[in-house]
Amino acid sequence: MLHRMETQDEEFEGRIRALEGWRAEKAGEERRLSTVSAGAGGVVGGVVAVLVKVLGG
């Protein structure tokens with residue numbers, strides 16, 4: 001009985017480690033996505049600023 005409980009604990013710990021790895025991976029993807037979004041927003045903002053300056057005088 002004790003051996004079975006230890007095996008279940010090991011399986012549970014393995015699942016927790018896998019879930020933590022998945023969460024870390026998702027957090028990394030979200031950071032990359034927000035970095036790309038911020039960069040794209042900066043480029044678009046720069047282009048709009050130049051157009052406003054050129055067209056506005």
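Scope of the values below: all heavy atoms of this structure, side chains included, with no hydrogens, waters or symmetry mates.
Grouped with Trp22 in one hydrophobic cluster are Leu19, the linkage being side-chain heavy-atom contacts under 4.5 Å among Ile, Leu, Val, Met, Phe, Trp and Tyr residues. In this structure, Phe12 belongs to a hydrophobic cluster whose other members, linked by side-chain heavy atoms under 4.5 Å apart, are Ile16.
With sequence neighbours excluded, the residues satisfying side chain to side chain contact (heavy atoms under 4.5 Å, CB included) with Val48 are Val44, Val52.
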Show which side-chain atoms of residues 24-41 pair as donor or acceptor with protein atoms under 3.5 Å away, not counting sequence neighbours.
from: Ser34; atom 1: OG; to: Arg31; atom 2: O; distance (Å): 3.0
from: Thr35; atom 1: OG1; to: Arg31; atom 2: O; distance (Å): 2.8
from: Ser37; atom 1: OG; to: Leu33; atom 2: O; distance (Å): 3.0

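Residue pairs meeting the salt bridge (charged side-chain N to carboxylate O under 4.0 Å, His left out) criterion with at least one member in residues 9-19, sequence neighbours excluded, do not occur.
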